[in-house]
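Every chain is numbered from 1, with letters handed out A, B, ... down the list of sequences. If you're wondering where the values come from, they're calculated on a predicted model, not measured in any experiment.
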Amino acid sequence: MNIFEEYINKITALILKNQKFLKLENLNKFKGIVVESPPSEFNFDLSCNAGLVLGKMNKINPIALANKIKDLILKNLKDFENIEIAGPGFLNLKLTNQSLILNINKILESKETYGKKNSNSTYNIEFVSANPTGPMHVGHCRGAIYGDVLANLLKFNGNKVTKEYYINDFGNQINNFAKSVFLRIREIKYNEKFISKENLYPGEYIIEIAKKIIDSYKSENFNNFDQSLKLVKTESLKHSMNLIKLDLKRLGIEHDNFFSETKLIENKLVDKAMSYLKKNNYVEEGFLEPPKGEIDKNWKKTKRLIFKSTLFGDDTDRAMQKNDGSWTYFANDVGYHMDKVNRNYKYLINVLGADHTGYVKRITAAVSALSKNKTKLNCKVCQLVKLYKNGKPFKMSKRAGDFISAQDLLNEVNKDSIRFMMLNRSNDVELDFDFDKVLEKSKDNPVFYVQYSFARINSLFKTLNKKLNDEIILDSKSFMLNDNEINILRKVFEWPKIIETASSKYEPHKIPYYLYELATLFHSYWSKGNEDQSFKFIENGKIKRIETLAIIVLVATVIQRGMNILGVSLPEKM
RNA sequence: GCGCCCUUAGCUCAGUUGGAUAGAGCAUCGGUUUUCUAAACCGAGGGUCGUAGGUUCGAAUCCUUCAGGGCGCGCCA
């Protein structure tokens, strides 16, 4: 249930029925008319801009029109005890106690599903897809959490979601990775000094992987790289994917499907995609202009297969083949996305890091071409994470191998804080992540703040010897909400709207913001009892007013739903 | 040179299908604990929404200009 939706429907139906009386010729499908919550200083439950919007369309004074609509509503709908015209022509509406009770009961009944925006579509979310040449670093965590929470959110609404990881286990970097492991094996086994070179991976984890391989293959001599390549490669990949999966698990993330680039090629999916695109004249042999950026001495103007991605909004056409005629990384990815398209998802989402911004247009173009514009690929880019420690920037350099891994982070900070903090920003702004702040147990740290409100609620129920899901019966004769309660209730009414915008725009960060605001209202109400005895909830071991209990259960319900979607735990006691 | 993102209080940021007096947290200053968890609460100060135009009853939000910051710009992955 969504109270705003409910009343916009009632009000627009009423206006439609009385179109002639209101002298409205143009309704334009009520575009732009909304019911929302008014700014808190007005002390009303709902606000509607019908007078403003329809007034403009029909050239009628908005305040006069709003007044007429007000009379109509009061005469025909019994839900409101008071309506006022405010500002340039807003209708501010106050619900009767009767309808407040009705709406509270609806939420109490819907509990598990409160806020759900019913939908039954299918989604594929590709996220993380970190190169399997080493463990995840902190930067990967942001996209990982973003993708995971997006999946939770879409699932909450009833969609089928596949969480997918594309393993780039093909190409030069994997060979370099295998070579690094091979040389470390030689170092351990034969005391050959490992000399770090440009294309090799220096990290400590390479040694760990080397040791594991030596243990598992005691009879192997590892004398010749070419001979050992296949073994070392598969084994190294297995171990580093395990490292990544372990990190993901510690973050509370589990993918449904791991898609291997090597298998993609073995199954000739790229060739299939290419022949499809050729048939439609989206790919043909040709020449490209040299790149505009840095000069590349390996660049050659030779004939090769070109994808005409400019037909689908890209800035330039893209090469599908390298100098030696083999497929480019992009061509492989096109093959992969052909497979995704063929799996018939309604929506495809790719979560990318900031360093892949330049990739968005071409892959989006590819999906348009592959699906004849039927499947929409949406690429969401997560901006950089800037690390701080003691308020000072913490630099990472991948080259020297001194980057901060997800493990380092997880060893210092618990998963709940990482998840909440990484989501506490819109994905398209840079995020400052301070190791120290995230460990603080105070209002600075929003995770604790929200968790604490839930712990307080639980402690209250413990004192009352009641359970959160015990039935609550409100008596309409004596029903009365105080200012704190009505403010909390109005916030609770907004929850479905938060879910709706967060999921339709793929902006999960709205959830932590909202939960923080809700927790603030609750803490504020709670603390009132410290200043004024009469605001204590409990007297002689019993709740003073049943309304208070109802409101508090609503808060707990929404916090549970919200934190569940965020994948952050809610201790009952802190 | 081009593309994407960003510019809102001293700091970090919410707020964009155009709406009411632009909001939080931190920091600063002042207050609250015999009684349901002070990991909390209450109060005060703090703004030319980067610049200049435009669209209209109305713009932080839409369009254009310019400036500043970030990321990227391969036939690497």
Side-chain angles (χ1 to χ4, degrees), chain A residues 31-32 34 36 38-39 41-42 47 49 52-53 55-56 61-62 86-90 92 131 133 168 170-174 261 288 290-296 298-302 304 306 314-316 318-326 328-330 332-333 353-361 379 381 383-384 386 424-432 434 437 440-446 448-449 451-453 455-464 501 504-505 509-510 513-514 516-517 519-520 522-531 533 536-539 541 543 573-574:
Chain A
K31 195 167 178 278
V34 290
E36 54 196 356
E41 60 267 27
F42 286 98
S47 128
N49 63 353
L52 283 167
V53 174
K56 185 181 184 177
N61 178 301
F90 286 100
N92 283 333
N131 282 330
T133 50
N168 301 132
F170 185 86
N172 290 327
Q173 63 174 4
I174 292 298
E261 188 177 1
L288 284 177
K292 295 271 196 296
E294 260 176 73
I295 296 161
D296 179 1
N298 293 324
W299 193 88
K300 283 178 190 160
K301 183 150 188 164
T302 50
R304 69 190 69 217
I306 308 283
D314 198 0
D315 306 320
T316 164
R318 304 290 173 177
M320 293 305 225
Q321 288 173 306
K322 302 187 202 171
N323 285 332
D324 62 3
S326 63
T328 58
Y329 173 84
F330 175 57
N332 289 346
D333 213 13
D355 50 341
H356 289 83
T357 326
Y359 197 67
V360 172
K361 280 191 180 175
C379 291
V381 173
Q383 293 300 324
L384 295 180
K386 283 197 282 185
N424 207 20
R425 282 278 171 279
S426 152
N427 63 286
D428 46 27
V429 300
E430 285 187 4
L431 178 133
D432 292 351
D434 195 307
K437 197 160 237 178
E440 261 174 49
K441 296 181 178 180
S442 73
K443 198 170 176 170
D444 299 26
N445 187 340
F448 282 94
Y449 189 74
Q451 286 177 326
Y452 185 48
S453 64
R456 275 181 154 177
I457 291 174
N458 273 285
S459 128
L460 190 82
F461 273 76
K462 213 174 165 193
T463 314
L464 289 168
T501 48
S504 65
K505 293 170 142 186
H509 73 277
K510 294 196 190 294
Y513 272 98
Y514 169 85
Y516 188 88
E517 286 165 8
T520 302
F522 171 76
H523 284 307
S524 171
Y525 186 25
W526 176 287
S527 305
K528 229 170 167 184
N530 290 337
E531 289 160 26
Q533 278 294 317
K536 289 280 179 195
F537 304 153
I538 297 174
E539 201 169 53
I543 193 82
K573 230 172 117 180
M574 286 173 78

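Partners of A:F522 under the ring-ring contact (aromatic ring centres under 6.0 Å, His included) rule, at least two apart in sequence or in another chain, are A:W526. Legend: residues meeting ring-ring contact (aromatic ring centres under 6.0 Å, His included) with A:Y513, ordered by chain and number and at least two apart, are absent. Residues meeting the side chain to side chain donor-acceptor pair (under 3.5 Å) test with A:D432, sequence neighbours left out: none. The side chain to side chain donor-acceptor pair (under 3.5 Å) check on A:N323 picks up A:R304, with sequence neighbours excluded. Every residue two or more places apart in sequence or in another chain that forms a ring-ring contact (aromatic ring centres under 6.0 Å, His included) with A:Y452 is listed here: A:H523. For A:Y525, the ring-ring contact (aromatic ring centres under 6.0 Å, His included) test picks out A:F537, with sequence neighbours left out. Annotation: side chain to side chain donor-acceptor pair (under 3.5 Å) contacts of A:E531 (sequence neighbours excluded): none. For A:T316, the side chain to side chain donor-acceptor pair (under 3.5 Å) criterion is met by no residue, not counting sequence neighbours. Residues passing the side chain to side chain contact (heavy atoms under 4.5 Å, CB included) test with A:P39 are A:E41, A:F42, sequence neighbours excluded.
Of the possible donor and acceptor atoms, one in the side chain of A:T520 sits under 3.5 Å from a partner among the backbone N and O of A:Y516. Using modelled atom types, no side-chain atom of A:S47 and backbone atom of A:N92 make a donor-acceptor pair closer than 3.5 Å. A donor-acceptor pair is defined here as one N or O able to donate and one able to accept, closer than 3.5 Å; no such pair exists between the side chain of A:N427 and the backbone of A:Q383.
In this structure, CH2 of A:W526 is placed 15 Å from P of B:C42, rounded to the nearest angstrom. In this entry the distance linking OH of A:Y449 with P of B:G25 reads 8 Å, nearest Å. Between the P atom of B:C75 and the CG atom of A:N172 lies a distance of 14 Å, rounded to the nearest Å. Atom pair A:K386:NZ and B:C13:C1' shows a separation of 13 Å (rounding to whole Å applied). At whole-Å resolution of the value, CG in A:N530 and P in B:C42 are 11 Å apart. B:C76 atom C1' lies 11 Å from atom OH of A:Y329, rounded to whole Å. One atom, CD1 of A:I174, and another, C1' of B:C76, lie 13 Å apart when rounded to the nearest Å. Summarising the geometry, the separation between NZ on A:K56 and P on B:G19 is reported as 11 Å, rounded to the nearest angstrom.
Residue contacts for A:Y452: at a heavy-atom cut-off of 4.0 Å it reaches a base atom on one of the strands shown. No contact: A:L464 has no heavy atom under 4.0 Å from any strand. Using a 4.0 Å heavy-atom distance criterion, A:Q451 is classed as making no nucleic acid contact. Within 4.0 Å of A:K292, counting heavy atoms only, lies at least one base atom of the nucleic acid. Residue contacts for A:A455: at a heavy-atom cut-off of 4.0 Å it reaches a base atom on one of the strands shown. Among the atoms of the strands shown, none is found under 4.0 Å from any heavy atom of A:K528. Heavy atoms of A:H509 sit under 4.0 angstrom from primed sugar atoms or phosphate atoms, though from no base atom. Within 4.0 Å of A:G529, counting heavy atoms only, lies at least one base atom of the nucleic acid. Residue-level contact check: A:K505 touches the backbone only, with heavy atoms under 4.0 Å from sugar-phosphate atoms and none from bases. Nucleic acid contact class of A:F330 (heavy atoms, under 4.0 Å, all strands): none.
Comparing the C1' positions of B:U21 and B:C26 gives a spacing of 25 Å, expressed to the nearest Å. Only the P atoms considered, B:G46 is 23 Å distant from B:C41, to the nearest whole Å. Look at the C1' atom in both B:G31 and B:C13: the space between them is 28 Å, to the nearest Å. Distance noted for atom P between B:A24 and B:G43: 10 Å (whole Å). Here the separation of B:A14 from B:A22, taken at their C1' atoms, is 11 Å to the nearest Å. To the nearest whole angstrom, the two C1' atoms, one in B:U64 and one in B:A27, are 39 Å apart. Taking the P atoms as reference points, B:C57 lies 25 Å from B:G50, given to the whole Å. Comparing the same atom, P, in B:A20 and in B:G58 gives a spacing of 14 Å after rounding to whole Å.
Considering only side-chain atoms of A:L288, the nucleotide from B:C75, B:C57, B:A77 that sits closest is B:C75. For A:H523, counting side-chain heavy atoms from C-beta on, the closest listed nucleotide (B:G58, B:A24, B:C41) is B:C41. For A:L384, taking side-chain heavy atoms from C-beta onward, the closest of the listed nucleotides B:A39, B:C36, B:G70 is B:G70. Among the nucleotides B:C75, B:A20, B:U17, the one closest to the side chain of A:N323 is B:C75. Ranking B:G19, B:A38, B:A77 by closeness to the A:R456 side chain, first place goes to B:A38. Taking only side-chain atoms of A:Q173, from C-beta outward, the nucleotide of B:A14, B:A38, B:A77 with the closest atom is B:A77. Picking from B:C75, B:A77, B:A14 the nucleotide with the shortest atom distance to the side chain of A:W299 gives B:C75.
Lacking a ring centre under 5.5 Å from that of the base six-membered ring together with a plane angle below 30°, A:Y516 does not count as stacked on B:A24.
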Between the protein and nucleotides 4-6 of chain B, which nitrogen or oxygen pairs are less than 3.5 angstrom apart?
residue, atom, partner, partner atom, Å
B:C5, O2', A:D428, O, 2.6

Polar atoms only, N or O, under 3.5 Å: list the protein pairs with nucleotides 8-12 of chain B and their distances.
residue, atom, partner, partner atom, Å
B:U12, O3', A:D432, OD2, 3.4
B:U12, O2', A:R425, NH2, 2.9

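Ring geometry, A:Y359 versus A:Y329: the interplanar angle falls from 30° to 60°, so the pair is classed tilted.
Judged by distance alone, with hydrogens and angles left aside, A:N92 brings a side-chain donor or acceptor within reach of the base of B:A20, the pair sitting under 3.5 Å. Interface remark: the A:S47 side chain does form a donor-acceptor pair with the B:A20 base, using a distance-only criterion of under 3.5 Å.
No more than 12 heavy atoms of other residues, nucleotides or ligands sit less than 6.0 Å from atom NZ of A:K573. Other residues, nucleotides and ligands place more than 12 heavy atoms under 6.0 Å from the CZ atom of A:F461.
One side chain, A:Q173 or A:N131, offers a donor N or O that lies under 3.5 Å from an acceptor on the other.
Both A:L460 and A:P88 lie close to RNA chain B; mapped to their nearest nucleotides by heavy-atom distance, the more 5′-ward contact belongs to A:P88. Heavy-atom nearest nucleotides on RNA chain B were determined for A:E261 and for A:I538, and the one closer to the 5' end corresponds to A:I538.
Taking a pair as Watson-Crick or G-U wobble with both distances under 3.5 Å, RNA chain B forms stems of 3 or more consecutive pairs at B:1-7 with B:67-73, B:10-13 with B:23-26, B:28-32 with B:40-44, B:52-54 with B:62-64.
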